[in-house]
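Contents: one structure, followed by commentary.
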Protein chains: 2
Amino acid sequence: MATIKDIAKQAGVTPSTVSRVLNHAGGYNEATKIKVEKIAASLHYQKNEYASNLVGKKSNLIGVIITDSKSSFASPIIDSVEDSAYQNGIRILLAHCGQNDPQRLRFCLDLMAGQKVTGIISVAVQFDNDNLNYLNSMQIPLISLNVSVPDHGSIKIDDVQAAYDGTKFLIESGYQKTALVGVDSNDPQTGLQRITGYRNAMNDANIPVNNDYIVEGDFSFDAGFKAASKLLASSNPPRAIFAASDDAAAGVLSYAYDHNIKIPAELAVLGFDNSHVAQIVTPALTTINQPFAKMGQLAVQKIINKEFNEDSIVKYQILKRQSV
Amino acid sequence: MATIKDIAKQAGVTPSTVSRVLNHAGGYNEATKIKVEKIAASLHYQKNEYASNLVGKKSNLIGVIITDSKSSFASPIIDSVEDSAYQNGIRILLAHCGQNDPQRLRFCLDLMAGQKVTGIISVAVQFDNDNLNYLNSMQIPLISLNVSVPDHGSIKIDDVQAAYDGTKFLIESGYQKTALVGVDSNDPQTGLQRITGYRNAMNDANIPVNNDYIVEGDFSFDAGFKAASKLLASSNPPRAIFAASDDAAAGVLSYAYDHNIKIPAELAVLGFDNSHVAQIVTPALTTINQPFAKMGQLAVQKIINKEFNEDSIVKYQILKRQSV
DNA sequence: ATGTTTTACGCAAACGTTTGAGTAGTTGCG
DNA sequence: CGCAACTACTCAAACGTTTGCGTAAAACAT
């Protein structure tokens, strides 16, 4: 591979001059510039980023840590982060940390540290104490999406309020008997907050909360399916189901389809996320839109502008389609 | 940030020794090793990969270029590539190149070159001549998934045969009137090959091909929806639709749902990919399974083993669910 | 006791780039 | 004409590692 020295030799100048030309740093005359650029092109010169970053100490690298792509909202976020990064000449280092795998998360952090990333964007990653301390000790700024992480900036919707509004929306649409599925009360962030929002909305509407109507689970299709089978086979089935994700909502839809339950006539289904699947299932899901693209974009902006400490709450909307 | 020199100073040895200890290179005694490791830990030492790679000339970096994540099969591939990479201590540099954006693809290649990746995995990326030449001139090995790229290794299914088998499967299931949707005859790879497979199967079954039954489009939900509306509103609607992707199949399902067409009683739908959506739509899609996870894994293996020139054809299966 | 091998380091160069400081040669100004 | 200010460079150090070579000291063999 051609280096700056090869170019220098051919052009009859020193590497310094070549470097200045290639970086448009000024301090050379037009003829030299043209000559150097022509030789660089003919040699297929590619700057060695390792050398460059070593001396320059800036990496133009943003680390992105996601749990895994199955979570359905990872894709749009990665897309927008990548696009924003591209527009700013920044590169993306991607790593998966799995679901609750401190060891792998640690590996991810080491990776990012070794690459001297200017910042990390984590998507729905829960930090355990060890890794949080480790991160803090390394002084790498972090922007967390979807969940908040102590001492670091975050970008998320107001989960309590969103669950409140979703529940209220169902109630006002005539569904008093509304269940909440796919929430994990052990998850202090999303799960618990959405349960709180649901409870608050029921209380404010003076509807007693039936605890059987809160069905625990993760955000998966299966969780939705199982919850539906438990709820809808019971003696007192709900008239509406509020799922904690679109995938879970799709699970509900699937159960309903199998048992010939008409949506929304016999059962209303409200999703959460407005992920890709929300638009393509039948009937199309009424859901709570999370502005993933905007969140990814904002995360990159924050890292560029070094705004690491504020928490941003972004707006969601209830997106009406066919399922309620 | 602490460097190897800081450790050396504290430990009373030279950087060489520290380096050897940290790399488990041998040539030090146990006491020194323990001392160095303890100091390194206490200083939160992180190897500067830039310096390391600069001298070592190996990057442990694999570049991944995808068009965009919306293509629904990007996610499982990225997941498996990332997992395989993780198990081999390799990092992933991710870049999007958009759909037909030579300029951005060029940018991606520059990025990869600058980072001195050991290899590039491209997912469903079509190389124009300029970029192909550019890639070749840079001598970076490439493994292409889903499409084949001249002079470089690829991993894909046999699209002609898969479309043939899918069509044959529909015919043998009793559907003589089978349409093919979501294919682009301008796409010499996937599109054209699947059309060929479809035609071959029809011919072999002695069924005349009705050209109206081949509806052009991309792989999107909308393409499937539009194709369905064109086909099913016609005077001679097909009894089965073979979609070129699960997303397109979901579009067909959606149209059918809107017009109260029963699946599979009145219309059979066969998808393609077995992406995440295939399992969660209602009814669940019978589809052609592409082993994305295996493909990603294999791609990483090939790069590690430096097998850049073979084309691998991986196996698909027809996965029977509810839609046919 | 002498010679040989091994161990456990140190030394210094190298990787490719950037950048502050230095310097010929040219231009401008009064 | 003399001095300052530029221009267009060159020089050399620096970034943090790795690694081949060198070498004292220790261990072993004869």
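If you check D:dT17, C:dT17, C:dC15 against the side chain of A:Val55, the one that comes closest is C:dT17. Side chain of B:Ile4, nearest nucleotide from D:dT17, C:dG16, D:dT10: D:dT17. Distance from the side chain of A:Ala51 is smallest for C:dG16 among the nucleotides C:dT18, D:dT18, C:dG16.
B:Asn29 has its CG atom 13 Å from the P atom of D:dA26, to the nearest Å. Distance, B:Lys47 NZ to D:dT17 C1': 9 Å, rounded to whole Å. Between A:Tyr28 atom OH and C:dT18 atom P there is a gap of 13 Å when expressed in whole angstrom units. Nucleotide C:dC9 holds its P atom 19 Å from the NZ atom of B:Lys9, rounded to whole Å. Atom NZ of B:Lys116 is separated from atom P of C:dC15 by 14 Å (rounded to the nearest Å). When the C1' atom of D:dG16 is taken as reference, atom CG of B:Asp6 falls 10 Å away, rounded to whole Å. For B:Leu22 and D:dG16, the CG to C1' distance is 13 Å, given to the nearest whole Å. Atom CG in B:Leu54 sits about 12 Å away from atom P in D:dT17, given to the nearest Å.
For A:Thr14 and D:dT10, the shortest distance from a side-chain N or O to OP1 or OP2 is below 4.0 Å. An OP1 or OP2 oxygen of C:dC15 is reached within less than 4.0 angstrom by no side-chain nitrogen or oxygen of A:Thr3. In this model, the phosphate group of D:dG16 is not approached by any side-chain N or O of B:Ser52 to a distance below 4.0 Å at OP1 or OP2. Between A:Thr32 and the phosphate of D:dC9, there is a side-chain N or O to OP1/OP2 separation shorter than 4.0 Å. In this model, the phosphate group of D:dT17 is not approached by any side-chain N or O of B:Asn53 to a distance below 4.0 Å at OP1 or OP2. Close to D:dT18, at under 4.0 Å from its OP1 or OP2, lies a side-chain N or O of B:Ser19.
Counting only N and O atoms by type, the side chains of A:Gln126 and A:Asp187 include a donor and acceptor under 3.5 Å apart. If you check the side chains of B:Ser154 and B:Asp311, you find a donor sitting under 3.5 Å from an acceptor. A side-chain donor-acceptor contact under 3.5 Å links B:Asn29 and B:Thr32.
Counting heavy atoms of neighbouring residues, nucleotides and ligands inside a 6.0 Å radius, atom CG of B:Asn100 does not exceed 12 of them. More than 12 non-hydrogen atoms from other residues, nucleotides or ligands lie less than 6.0 angstrom from CG of B:Asn305.
A:Gly56 comes within 4.0 angstrom of nothing in the nucleic acid, heavy atoms only.
A 4.5 Å side-chain heavy-atom check between A:Lys35 and A:Val13 finds every atom pair outside the cut-off. Between A:Ile78 and A:Val81 the shortest side-chain heavy-atom distance does not fall below 4.5 Å. A:Ser148 is listed as a side-chain neighbour of A:Gln189, based on a closest heavy-atom distance under 4.5 Å.
DNA chain C is contacted by both B:Gly12 and A:Tyr45; B:Gly12 maps to the nucleotide lying nearer its 5′ end (nearest heavy atom per residue). Each of B:Thr17 and A:Glu49 lies near DNA chain C, and the nucleotide nearest B:Thr17 is the one positioned closer to the 5' end. DNA chain D is contacted by both A:Lys33 and B:Asn48; A:Lys33 maps to the nucleotide lying nearer its 5′ end (nearest heavy atom per residue).
Paired with A:Cys97 under the rule side-chain contact (heavy atoms from CB on, under 4.5 Å), one option of A:Ile66, A:Asn131, A:Val125 passes, and it is A:Val125.
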Report each atom pair, protein N/O against N/O of nucleotides 20-22 of chain D, whose distance is under 3.5 angstrom.
residue	atom	partner	partner atom	Å
D:dG20	O6	B:Arg20	NH2	3.4

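Direction change of the helix axis from one end of the helix from C:dA1-D:dT30 to C:dG30-D:dC1 to the other is 40°, with five pairs defining each end axis (rounded to 10°).
The ring pair (Phe, Tyr, Trp, His ring centres under 6.0 Å) contacts involving residues 118-138 of chain B comprise nothing, where partners must be two or more places apart or lie in separate chains.
By the 4.0 Å N-to-carboxylate-O rule, A:Arg104 lies close enough to B:Asp83 to be salt-bridged with it.
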